[in-house]
Amino acid sequence: MTVLVLALVAGAVIGLALGALGGGGSVLAVPALIYLLGFTPAAATTASLIIVTATSVTALYAHTRDGNVAWKTGALFAAAGIIPAYLAGAAAGRLPEAVLTAAFAVIAALAALRMLRPSASDPPDRIRPGKAAGAGAGLGAVTGFLGVGGGFLAVPALVNVLGLAMRRAVGTSLLVITVNSLAALTARTGTGGGLHWEIIGPFTGAAILGAWDGKRLATKISGTTLQRIFAGVLLAVAAFMLGDVIV
């Protein structure tokens, strides 16, 4: 019963992050599954992709209704990451878990620091195919390699590299997360040993409900405040995971 309650609470928090911030779901899901629910790191990264994919689709629908998705930019960004996500996902199992955890924490910290920088001043929705493809390919590789949806990197890239407004970046990142997560899951087919569906199911359900609340929260908070919250969460998670590796 205690495990079920933890799964529900963790799922609700992660859904809230995805709905409000367009990312941060899997960067929170992986440590929650490992440290709270007893998953192995390999099983946690696969389970997090399942959870985040389902939750992202729900949050994407909610943001689409409000017109907060830049479909052309997001589609190009996501398409560029499909093959890198697949290849990196297939190769990730060959590295020690400590290396993957450390890399996960470092990238989360770098993304947080990037979010604290002033946003680009370019007009929103200005599509630059070269930058979109390059950033998308890099994000796809990280998604497959670390088993995350990539929203914690997609939002900074969409804001600072492609010039999207924060709210537009949040909605568009959910499209990117969905595509990249599906590609990474495909590469991990057959490697899902240790998955506990009796935990993943309630976790996912709570996350989906949380995403709707997060979407409503995003309409009441300024884009700058969202960026600061996003960065703070990422820095805290990165510090915790690095500390665990070092200890």
Side-chain angles (χ1 to χ4, degrees), residues 17-27 52 56-57 59-85 106-144 146 148-181 183 211 214-235 238:
L18 273 170
L21 303 174
S26 51
V27 78
V52 172
S56 295
V57 169
L60 176 62
Y61 172 74
H63 280 272
T64 298
R65 293 198 313 173
D66 288 347
N68 288 332
V69 180
W71 288 98
K72 291 182 179 179
T73 301
L76 177 61
F77 197 96
I82 292 175
I83 293 177
V106 169
I107 289 177
L110 290 175
L113 293 175
R114 182 65 182 259
M115 285 299 292
L116 290 174
R117 292 173 54 186
S119 299
S121 57
D122 295 327
D125 296 350
R126 179 184 172 189
I127 301 174
R128 282 155 279 176
K131 288 187 176 182
L139 178 64
V142 171
T143 296
L146 299 181
V148 300
F152 67 102
L153 293 174
V155 172
L158 289 167
V159 171
N160 294 302
V161 177
L162 301 182
L164 293 186
M166 182 60 182
R167 294 194 191 283
R168 193 82 158 158
V170 167
T172 304
S173 75
L174 293 165
L175 171 62
V176 179
I177 292 169
T178 301
V179 173
N180 284 346
S181 296
K215 168 60 180 59
R216 288 192 288 269
L217 178 64
T219 64
K220 301 177 181 178
I221 300 179
S222 70
T224 300
T225 300
L226 282 175
Q227 285 179 295
R228 290 173 179 170
I229 293 172
F230 197 20
V233 170
L234 292 182
L235 285 173

Would you mind reporting whether F77 and L139 have side-chain heavy atoms less than 4.5 Å apart?
yes

Heavy-atom closest pair, residues I82 and A183
O-CB, 3.8 Å

Between R168 (side chain only) and G67 (backbone N and O only), is there a donor and an acceptor less than 3.5 Å apart?
yes

Smallest separation among heavy atoms of A137 and P84, with atom names:
O-CB, 3.4 Å

Taking T172 for its side chain and A70 for its backbone only, find out whether a donor-acceptor pair lies under 3.5 Å.
yes

side-chain contact (heavy atoms from CB on, under 4.5 Å) test vs S173 passes for just one of T178, L164, L158, L60, namely L158

Side-chain touch L174/V69, heavy atoms, less than 4.5 angstrom:
no

More than 12 heavy atoms of other residues, nucleotides or ligands under 6.0 Å from CG of L113: is that the case?
yes

Please find the pair of heavy atoms, one from A154 and one from V176, that lie closest to each other, and give the distance.
CB-CG1, 4.5 Å

How close do A78 and N180 get, counting heavy atoms only, and between which atoms?
O-OD1, 3.9 Å

